[in-house]
Amino acid sequence: MIDLSGKRALVTGGSRGIGAAIALVLAENGADVAFTYNRSAERANDVARSIDELGRRAVAIQADSADPEAIKRSVNEAVAGLGGLDILVNSAAIGIAGAIVDTKLEDYDALMAVNVRAPLLFAQAVIPHLSSGGRIISLGSSLADRVPFAGVTAYAMSKSAMTSFTRGLSRELGPRGITVNLVLPGSTDTEMNPADGESADYQRSLTSLGRFAEPREVANAVVFLASPAASIITGSILAADAGFNA
């Protein structure tokens, strides 16, 4: 078991899917957890209740990751609720599919606001609260490195930006003993992309393991990077994609 006792984490987009799994696995390993959600208040309450039942503190914060002011407020609420922060997990994201020729400006702006600008703004707001041993971990996508089918170009572009963000920020924060890493999930069994969905068999065919990941499997990779066991790892890109990019 990874020991995160005494650590305080903020997970963005933590009410469902991979984000909820990350929040729960962090708590299972001893961390107190604040997390943001946009519209899923009932699910957020369920996640918070599960964290409470593990004997850890939970803070559920309604915040739209496309709103810069909401980001600042959510960090302040997390710090106030947990007494500080040691770990930031940028998990919130949106997906909008379609050919570039058909992509609307408002869809592009939404992708960039949530998938690129929000991780930067969350990091900017959290960094002053981190000390040596702090962690920033972002969720990218296996599509950042390989786009084997059409219709996801803008989304893949938004996720590829996280590679440079991670590597550059690791240089900035390394002298302070803070690590910055990126996890690239592949096809993961969530409501947004269920393992029994229309294109699921094709997606499985692109992987080495021939299957979807479970959200907790991706969460385990994130929690490892949040742990003392990963103290020398920074600026790294960890694929949790069942061999999609093998």
Side-chain angles (χ1 to χ4, degrees), residues 1-38 40 43-63 65 71 74-75 78 81-82 85-95 114-115 118-119 122-123 126 130 134-142 159 162 166 179-193 212-230 233 236-242:
M1 177 176 172
I2 291 170
D3 187 6
L4 295 176
S5 299
K7 298 298 184 181
R8 301 152 300 183
L10 171 59
V11 179
T12 73
S15 65
R16 58 180 183 166
I18 295 173
I22 292 168
L24 291 171
V25 176
L26 283 167
E28 288 169 5
N29 286 276
D32 295 323
V33 183
F35 62 92
T36 67
Y37 68 95
N38 189 9
S40 306
R43 294 189 177 188
N45 289 334
D46 289 342
V47 173
R49 189 179 307 111
S50 295
I51 293 171
D52 288 336
E53 289 171 354
L54 291 165
R56 310 313 312 165
R57 284 182 292 176
V59 181
I61 304 166
Q62 193 286 321
S65 291
I71 289 172
S74 65
V75 172
L82 300 181
L85 284 173
D86 306 288
I87 300 163
L88 168 66
V89 181
N90 284 310
S91 177
I94 62 171
V114 176
N115 294 1
F122 270 108
V126 167
L130 299 180
R135 302 283 190 263
I136 296 177
I137 304 153
S138 298
L139 275 290
S141 169
S142 59
K159 286 300 187 177
M162 297 308 298
T166 297
T179 67
V180 186
N181 291 292
L182 179 65
V183 174
L184 304 182
S187 298
T188 305
D189 187 16
T190 63
E191 288 181 21
M192 292 181 63
N193 187 27
F212 275 48
E214 294 298 324
R216 289 183 66 90
E217 292 179 299
V218 179
N220 288 336
V222 172
V223 173
F224 165 70
L225 291 172
S227 76
I233 302 173
S236 292
I237 316 301
L238 175 59
D241 64 359

Is the side chain of R43 donor-acceptor paired with the backbone N or O of S15 at a distance under 3.5 Å, no angle test? no
Are more than 12 heavy atoms, taken from residues, nucleotides or ligands other than R57, located less than 6.0 Å from that residue's CZ atom? yes
Between N193 and F212, does a side-chain contact (heavy atoms from CB on, under 4.5 Å) hold up when you go through it step by step? CA-CA 10 Å; N193 187 27; F212 275 48; 3.8 Å; yes
So do N220 and V25 actually touch side chain to side chain, heavy atoms under 4.5 Å? yes
Can you check whether V33 reaches V11 side chain to side chain, under 4.5 Å on heavy atoms? yes
So, does N181 use its side chain to make a donor-acceptor pair with the main chain of I233 at under 3.5 Å? yes
For the student: nearest non-hydrogen atoms of L85 and L130, plus distance: O-CD2, 3.5 Å
Backbone N/O of I2 and side chain of N29: donor-acceptor pair under 3.5 Å: yes
To the nearest 0.5 angstrom, please state how far the OG1 atom of T188 sits from the CZ atom of R216. 14.0 Å
Sequence neighbours left out, what passes side-chain contact (heavy atoms from CB on, under 4.5 Å) with E53? Give chain and number order. R49
Locate the shortest heavy-atom distance separating A92 from T12; write the atom from each residue and the value. N-OG1, 2.9 Å
Is any side-chain heavy atom of L24 closer than 4.5 Å to a side-chain heavy atom of I51? yes
Stepwise side-chain contact (heavy atoms from CB on, under 4.5 Å) check, L54 with E28: CA-CA 7 Å; L54 291 165; E28 288 169 5; 3.7 Å; yes
Quick check against the 3.5 Å criterion: does S141 have a side-chain atom that pairs as donor or acceptor with the backbone of L184? no
CZ/R56 to OG/S50 distance, rounded to the nearest 0.5 angstrom? 15.0 Å
If every non-hydrogen atom of A229 is compared with every non-hydrogen atom of F224, which pair is closest and at what distance? CB-CE1, 3.8 Å
Between the side chain of T36 and the main-chain N/O of G13, is any donor-acceptor distance below 3.5 Å? yes
Could you tell me whether the side chain of R8 and the main chain of D86 form a donor-acceptor pair under 3.5 Å? no
Check A78 against L10 and note the closest heavy-atom contact, atom names and distance. CB-CD1, 4.1 Å
Within 6.0 Å of NZ in K7, more than 12 heavy atoms from elsewhere: no
Minimum heavy-atom distance between L4 and S227, given as atom pair plus value: CD2-CA, 3.8 Å
Any non-hydrogen side-chain atom of L139 less than 4.5 Å from a side-chain atom of V218? yes
Contact between L225 and R135 at the side-chain level, heavy atoms closer than 4.5 Å - yes or no? no
If you define the side chain from C-beta out and look only at heavy atoms, does anything of N38 sit under 4.5 Å from Q62? yes
Are any of the side-chain heavy atoms of F122 and I136 separated by less than 4.5 Å? no
Using every non-hydrogen atom in the two residues, find where M162 and N115 come nearest and quote the distance to one decimal. SD-O, 3.5 Å
